[in-house]
Amino acid sequence: QVQLVESGGGLVQAGDSLRLSCAASGRTFPSVVMAWFRQAPGKEREFVAGNTRSGSNTIYADSVKGRFTISRDSSGNTAYLQMDTLKPEDTAVYYCAASYVRVPRTTASGYAYWGQGTQVTVSS
């Protein structure tokens with residue numbers, strides 16, 4: 001079992017930055033893939049970014065490419081999502097996810113473990 005705890009959400013203005021953190025505990029292995037998803041009211045959960053521990057395989061949704069950066073700490077058990085140049089359409093609950101797969105998956109069904117979510121609100 002893997003437990004995930006997100007932090008770092010909040011209310012910001014358009015153009016501001018935020019950094020989300022996701023701490024993994026429990027049965028974590030170096031090969032675990034970690035990812036970020038988000039879900040806005042009335043919409044389906046969508047993939048934002050994901051990477052392997054080494055960072056050699058990192059992917060982003062087109063909507064955040066160039067603005068968001070996913071990274072891991074040296075232990076590989078904490079993932080970060082640096083969000084720059086935030087837009088009102090980035091408003092959503094952001095979820096951390098993890099799975100024992102070789103490469104990041106872009107669908108929610110590809111992840112077995114989920115955090116509780118953290119709210120990000122971007123005002124215009």
Side-chain angles (χ1 to χ4, degrees):
Q1 290 288 343
V2 176
Q3 293 79 43
L4 304 173
V5 178
E6 304 104 332
S7 61
L11 171 63
V12 297
Q13 293 186 332
D16 286 350
S17 298
L18 270 179
R19 189 175 83 153
L20 306 182
S21 299
C22 174
S25 61
R27 189 187 178 199
T28 56
F29 294 136
S31 59
V32 68
V33 165
M34 296 182 76
W36 291 93
F37 284 74
R38 67 186 182 186
Q39 188 166 19
K43 295 188 177 181
E44 293 187 355
R45 192 168 297 190
E46 65 172 357
F47 174 81
V48 174
N51 72 353
T52 52
R53 178 182 177 182
S54 67
S56 61
N57 199 322
T58 300
I59 55 176
Y60 295 95
D62 288 343
S63 58
V64 306
K65 205 171 291 183
R67 300 188 298 121
F68 291 12
T69 304
I70 186 172
S71 61
R72 307 271 281 267
D73 70 352
S74 57
S75 73
N77 292 332
T78 298
Y80 303 100
L81 185 68
Q82 177 67 40
M83 306 184 292
D84 298 320
T85 319
L86 282 161
K87 304 176 182 180
E89 50 263 45
D90 294 318
T91 295
V93 177
Y94 283 70
Y95 296 91
C96 178
S99 188
Y100 296 109
V101 292
R102 288 184 174 274
V103 297
R105 307 290 175 83
T106 60
T107 58
S109 60
Y111 294 85
Y113 305 102
W114 291 86
Q116 81 287 354
T118 185
Q119 177 71 46
V120 172
T121 303
V122 184
S123 64
S124 57

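Start at 1 with the first residue, then count along the sequence. Quick caveat, the model's predicted, so the values are computed rather than measured.
- Between T69 and Y60 the shortest heavy-atom distance is CA-OH, 3.4 Å.
- A heavy-atom distance below 4.5 Å is found between the side chains of Y80 and D73.
- Residues Q116 and E6 have side chains in contact (heavy-atom distance under 4.5 Å, counting atoms from C-beta outward).
- Of the possible donor and acceptor atoms, one in the side chain of T91 sits under 3.5 Å from a partner among the backbone N and O of V122.
- Salt-bridge check for K87 with D90: failed, with every basic side-chain N at 4.0 Å or more from each acidic carboxylate O.
- Put simply, the residue from L81, V120, V93, V64 that forms a side chain to side chain contact (heavy atoms under 4.5 Å, CB included) with R38 is V64.
- When all heavy atoms of A40 and A92 are compared, the closest pair comes out as N-CB, 3.8 Å.
- Annotation: ring pair (Phe, Tyr, Trp, His ring centres under 6.0 Å) contacts of F47 (sequence neighbours excluded): F37.
- Counting only distance, with no hydrogens or angles, the side chain of S99 and the backbone of G110 share a donor-acceptor pair below 3.5 Å.
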Acceptor/donor pairs from residues 12-21 side chains to any protein atom, 3.5 angstrom cut, sequence neighbours excluded:
| residue | atom | partner | partner atom | Å |
| --- | --- | --- | --- | --- |
| D16 | OD2 | Q13 | N | 3.1 |
| S17 | OG | D84 | OD1 | 2.8 |

- Do Y95 and L4 pass the side chain to side chain contact (heavy atoms under 4.5 Å, CB included) test, and can you show the C-alpha distance, the side-chain angles, and the key distance before you say yes or no? CA-CA 9 Å; Y95 296 91; L4 304 173; over 6 Å; no
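- We find the CG-CG distance between N57 and N51 to be 8.5 Å, quoted to the nearest 0.5 Å.
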- Step by step, work out the side chain to side chain contact (heavy atoms under 4.5 Å, CB included) result for T58 and R72. CA-CA 11 Å; T58 300; R72 307 271 281 267; over 6 Å; no
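- Expressed to the nearest 0.5 Å, how far CZ of F68 lies from OG1 of T85 amounts to 9.0 Å.
- A pairwise comparison of heavy atoms in M34 and C22 identifies CE-SG, 3.7 Å as the closest pair.
- At distances below 3.5 Å, at least one donor-acceptor pair connects side-chain atoms of Y111 with backbone N or O atoms of R105.
- A search for salt bridge (charged side-chain N to carboxylate O under 4.0 Å, His left out) contacts involving K43 returns nothing, not counting sequence neighbours.
- Looking at T52 and P104, their side chains come closer than 4.5 Å, going by heavy atoms from C-beta outward.
- No more than 12 heavy atoms of other residues, nucleotides or ligands sit less than 6.0 Å from atom CD of E44.
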- Query: Given the rule in the side chain to side chain contact (heavy atoms under 4.5 Å, CB included) test, do W36 and C96 qualify, once you have shown the distances and angles that lead to the verdict?
  - Reply: CA-CA 5 Å; W36 291 93; C96 178; 4.1 Å; yes
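- In terms of modelled atom types and a separation under 3.5 Å, the side chain of R102 and the main chain of V33 share no donor-acceptor contact.
- For the atom pair R53 CZ and N77 CG, the distance stands at 7.0 Å (nearest 0.5 Å).
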